[in-house]
Enquirer: 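Below you will find the structure I want to go over with you.
We count ligands from 1, going down the list as the structure has it; atoms in each ligand are counted the same way.
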Amino acid sequence: MTTSSLKTMHQFFSAVFLFLLLPLCSNAQTARQANNTGFTCNFTRTCTSYAFYRATAPNFTDLASIGDLFSVSRLMISTPSNISSSSLNTPLLPNTPLFVPLTCSCNPVNASFGSLSYANISYTINPGDTFFLVSTIKFQNLTTFPSVEVVNPTLLATNLSIGQDTIFPIFCKCPPNSQGTNYMISYVVQPEDNMSSIASTFGAEEQSIIDANGGETTLHDYDTIFVPVARLPALSQPAVVPHAPPPVIGSNNDDRTGTVRGLGVGLGIVGLLLILVSGVWVYREVVVMKGVVRDDEEKNVYLGGKAEGKNLDVKLMANVSDCLDKYRVFGIDELVEATDGFDQSCLIQGSVYKGEIDGHVFAIKKMKWNAYEELKILQKVNHGNLVKLEGFCIDPEEANCYLVYEYVENGSLYSWLHEGKKEKLSWKIRLRIAIDIANGLQYIHEHTRPRVVHKDIKSSNILLDSNMRAKIANFGLAKSGMNAITMHIVGTQGYIAPEYLADGVVSTKMDVFAFGVVLLELISGKEVINEEGNLLWASAIKTFEVDNEQEKTRRLKEWLDKDILRETFSMESLMGALTVAIACLHRDPSKRPSIMDIVYALSKSEDMGFDISDDGIGSPRVIAR
Ligand SMILES: *[C@@H]1O[C@H](CO)[C@@H](O)[C@H](O)[C@H]1NC(C)=O
Ligand SMILES: *[C@@H]1O[C@H](CO)[C@@H](O)[C@H](O)[C@H]1NC(C)=O
Ligand SMILES: *[C@@H]1O[C@H](CO)[C@@H](O)[C@H](O)[C@H]1NC(C)=O
Ligand SMILES: *[C@@H]1O[C@H](CO)[C@@H](O)[C@H](O)[C@H]1NC(C)=O
Ligand SMILES: *[C@@H]1O[C@H](CO)[C@@H](O)[C@H](O)[C@H]1NC(C)=O
Ligand SMILES: *[C@@H]1O[C@H](CO)[C@@H](O)[C@H](O)[C@H]1NC(C)=O
Ligand SMILES: *[C@@H]1O[C@H](CO)[C@@H](O)[C@H](O)[C@H]1NC(C)=O
Ligand SMILES: *[C@@H]1O[C@H](CO)[C@@H](O)[C@H](O)[C@H]1NC(C)=O
Ligand SMILES: CC(=O)N[C@H]1CO[C@H](CO)[C@@H](O)[C@@H]1O
């Protein structure tokens, strides 16, 4: 199709629309562009709208994976979808109806093509993905592949590389001004639908649906249409049977009218507030995406955020803080008071301050607006070996964002091992710390969907509580999703896995590598890079490259932290831990043990380590000097 015919088409549609709809919605027209490339538009507003989405087996049967697909939190889906916030982790039955919030705007493509109305959803290409399959299956026809091609003009649809970042334009529309319509629901027509069934599903008038879709009275299967509503209908959710594998509910035909009974029942004030807040969150994500390269927060520059930040209604967020996934929203005044105005004397490290609020001590991390990624990940995780997020604060004046964590009393493992001012750690405690870290990693690697890779495991990111139990901190670089490839190398020298440094491959095995380095620190008490600039892990591999067990034991004794040598314990336990560490450092990531194997092996080392009475015969021992 030529540019000029497109242009003519565009002008034709624009003209028809202006004629038909000018009295109704003079600044919010959208028309279907030829060849399914999307809906053209001519308006400047950004609005919150919703896509109607159905949970589908096998990969989209939980809020976390659907939230990840659309870059929204679980709560942002559960609230408008009438799912209680206590079942955020419960699997959904297939075909569960959901409202997914979208930030809808009119986005210019180019001068001749005009603008398209869509929500900008980032998507990272996985093996086997094509624009067509992702549009029709994962996004359930809420967009079309020609439209994906239009908004990704630099990508060749036939030559996508894994890990490629793309935009999927989810079709949406903003409501006309002041017509009693607050949301336009993006809905994909199903074969069994007719206009009256759709109208009754969403509690809308047939005629208003026809009007909102350019006067089109016939429905085409799998086309996206817009349903104007004053408020979201309450979805009635099927009862969920925990633990039993979800039965596949018949065809869409039997199911849909049963599960969606939208009769315009209001969500109530809290619901509406939450929707607004959701909008703010989506909005903030867009802002963050536009402005920030994720890296150490100090290095970041937020572009043009100040003015936009001011628009955020902090008070509104404070009012509904209870609903925001159990997080407390702090006021900037509270934080300023708690930290003496972010005084140097309250600085813990980097940009983290200690502060007391209402008798509780917190660690407060000051960031630019790039806190969103960390928030997104932390809200999915909850484990005793991960530092807990307690709340957050937004300061639109300074365009700052603060994450407020539990305060972990005993500081970082790094300071215990290398700063030499505190009492020494015994091998028993060190091994326990290693197991705690491994348990925390196992949780993020195996029990979150999608998996989370921390990407910056190091002794200064391991904090010790009053009982010397370890917690993993600082998810600022963490990434959810697996086997992505990045060009933007982050992390800390001495802990970075070779394949990540060379090719930017992100996988859980890079955390395993870094864990191996921390284990070496625990065993040797040495820094990860010595004064000559040599890497600890490289020298460890060289030192222990011997087959002779006796020689290995001799070298281990030499290499060991002198402080450990003063204790009594089984040498086997130490050798077991060293073997795990060396295995973690394998150059080939696929040959490194999984975190599950590590937890198992270290627990075995722990069992054999300290029960001296049962462990008498044959075990080589290191006895106190
Ligand atoms: C949008 O429509 C108005 C008329 O309603 C027109 O003046 C304006 O130029 C249009 N803007 C674009 C970007 O097409
Ligand atoms: C579900 O996810 C798995 C792993 O990511 C993938 O191999 C499989 O093809 C997916 N299934 C569908 C139907 O998309
Ligand atoms: C969509 O988001 C990407 C970042 O994910 C950004 O680069 C792009 O400019 C955005 N596009 C629009 C039209 O907002
Ligand atoms: C999307 O549309 C195609 C036809 O264009 C259809 O075959 C497919 O089943 C639809 N996907 C979903 C999830 O309904
Ligand atoms: C505008 O975008 C359309 C759709 O991607 C493309 O076909 C056309 O060549 C572009 N025109 C110009 C002048 O870049
Ligand atoms: C496909 O993409 C790769 C890298 O992304 C590039 O090297 C190759 O030349 C491309 N092939 C074609 C046919 O464009
Ligand atoms: C629309 O579909 C419903 C069931 O889905 C059916 O009961 C009704 O008769 C249909 N109406 C028309 C006008 O076809
Ligand atoms: C929410 O769903 C439940 C069933 O899970 C239903 O009984 C209730 O009526 C729904 N809430 C509203 C406001 O419709
Ligand atoms: C590639 C393609 O499908 N092009 C079609 C776009 O739509 C016009 C009519 O609207 C067709 O003539 C083209 O063949």
Enquirer: With respect to atom 10 (C) of ligand 4, which of N36, D223, N141 exhibits the smallest heavy-atom separation?
Expert: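 Looking at heavy atoms only, N141 sits closest to atom 10 (C) of ligand 4.
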
Enquirer: Please find out if less than 6.0 Å separates the ring center of F99 from that of Y183.
Expert: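 No, the ring centres sit 6.0 Å or more apart.
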
Enquirer: Of A111, P153, S112, which has the heavy atom at the shortest distance from atom 13 (C) of ligand 5?
Expert: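 Minimum heavy-atom distance to atom 13 (C) of ligand 5 goes to S112.
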
Enquirer: Once you find the SG atom in C106 and the one in C174, is the distance between them below 2.5 Å?
Expert: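 C106 does not pair with C174 as a disulfide (SG atoms not under 2.5 Å apart), so no.
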
Enquirer: Does a donor on one side chain and an acceptor on the other come within less than 3.5 Å for E216 and T218?
Expert: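 Indeed, the side chains of E216 and T218 share at least one donor-acceptor pair under 3.5 Å.
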
Enquirer: What's the separation between atom CD1 in I125 and atom CG in L155, rounded to the nearest 0.5 Å?
Expert: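 These two atoms lie 7.5 Å from each other.
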
Enquirer: Which is closest to atom 5 (O) of ligand 5 by heavy-atom distance: N152, V151, V150?
Expert: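 Checking each option, the heavy atom nearest atom 5 (O) of ligand 5 is found in V150.
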
Enquirer: When I444 is tested against each of V453, I595, T508, L386 for side chain to side chain contact (heavy atoms under 4.5 Å, CB included), which residue passes?
Expert: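 Among V453, I595, T508, L386, the one that satisfies the side chain to side chain contact (heavy atoms under 4.5 Å, CB included) with I444 is L386.
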
Enquirer: Enumerate, atom names and distances included, each donor-acceptor pair closer than 3.5 Å involving a side-chain atom of residues 128-137, sequence neighbours excluded.
Expert:
{"unit_1": "D129", "atom_1": "OD2", "unit_2": "Y123", "atom_2": "OH", "d": "2.6"}
{"unit_1": "D129", "atom_1": "OD2", "unit_2": "N126", "atom_2": "N", "d": "2.8"}
{"unit_1": "T130", "atom_1": "OG1", "unit_2": "F132", "atom_2": "N", "d": "3.4"}
{"unit_1": "T130", "atom_1": "OG1", "unit_2": "L133", "atom_2": "N", "d": "2.9"}
{"unit_1": "S135", "atom_1": "OG", "unit_2": "F131", "atom_2": "O", "d": "2.6"}
{"unit_1": "T136", "atom_1": "OG1", "unit_2": "F132", "atom_2": "O", "d": "2.9"}

Enquirer: I want to confirm something. Looking only at heavy atoms, which of F145, F132, Y222 is nearest to atom 7 (O) of ligand 4?
Expert: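 Among F145, F132, Y222, the closest heavy atom to atom 7 (O) of ligand 4 belongs to Y222.
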
Enquirer: In ligand 7, which numbered atoms sit nearer than 4.0 Å to a non-hydrogen atom of N194?
Expert: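 By the 4.0 Å cutoff, the relevant atoms are 1 (C), 2 (O), 3 (C), 8 (C), 10 (C), 11 (N), 12 (C), 14 (O).
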
Enquirer: Tell me whether T136 has any N or O atom under 3.5 angstrom from an N or O of ligand 4.
Expert: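 Among all N and O atoms of T136, at least one is under 3.5 Å from an N or O of ligand 4.
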
Enquirer: Give the atoms of ligand 5, by number and element, whose distance to some non-hydrogen atom of N110 is under 4.0 Å.
Expert: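 Taking each heavy atom of N110 in turn, ligand 5 has 1 (C), 2 (O), 3 (C), 8 (C), 10 (C), 11 (N), 12 (C), 14 (O) under 4.0 Å.
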
